[in-house]
Chemist: 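Would you mind keeping the following structure in view while I ask a few things?
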Amino acid sequence: TLPHGIIGQTFSSSAPRHGKQDVYPESGRVATSAMAEGAIEGTAAMYEVASPFATNFAFSRFGATELAVPAGGLASLAAGAEAT
């Protein structure tokens, strides 16, 4: 089945995903801005849910029909390959 969510995407490919990374200071306050940018599909805001137990978000697969990942992986599916 196709992975979904931020954690699920880590299992979508054996290739590493290199996204934007924050630079942390030696001391003082830390302000994060990366939000997995470049390592996930879409933006972090697209994964927000309405409540702690909600499952509806832009890339949700809850309740979806099962699909097989094509031989070329998710990238080939995004490029228009047919899933089986």
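Note that these values count all heavy atoms, side chains included, but never hydrogens, waters or copies made by symmetry.
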Chemist: If the condition is side chain to side chain contact (heavy atoms under 4.5 Å, CB included), which residues does Thr55 pass it with, not counting sequence neighbours?
Modeler: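 Applying side chain to side chain contact (heavy atoms under 4.5 Å, CB included) to Thr55 gives Phe62.
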
Chemist: Taking side chain to side chain contact (heavy atoms under 4.5 Å, CB included) as the test, write out the residues that go with Ala31, two or more places apart.
Modeler: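 Ala31 satisfies side chain to side chain contact (heavy atoms under 4.5 Å, CB included) with no residue once adjacent residues are dropped.
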
Chemist: List for me each residue that meets side-chain hydrogen bond (donor to acceptor under 3.5 Å, both in side chains) alongside Asp22, sequence neighbours excluded, and say none if there are none.
Modeler: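 Partners of Asp22 under the side-chain hydrogen bond (donor to acceptor under 3.5 Å, both in side chains) test: Thr32, Ser33.
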
Chemist: To the nearest 0.5 Å, what is the distance between CZ (Phe57) and CD (Glu48)?
Modeler: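 Here the rounded value is 12.0 Å.
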
Chemist: Tracing side-chain links under 4.5 Å among I, L, V, M, F, W and Y, which residues wind up in one group with Met35?
Modeler: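 Result for Met35 is none, singleton.
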
Chemist: What's the shortest heavy-atom distance between Val49 and Asn56, and which atoms?
Modeler: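 Smallest heavy-atom distance, with atoms named: CG1-O, 3.8 Å.
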
Chemist: Tracing side-chain links under 4.5 Å among I, L, V, M, F, W and Y, which residues wind up in one group with Val23?
Modeler: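 In the cluster with Val23 there is nothing else; it is isolated.
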
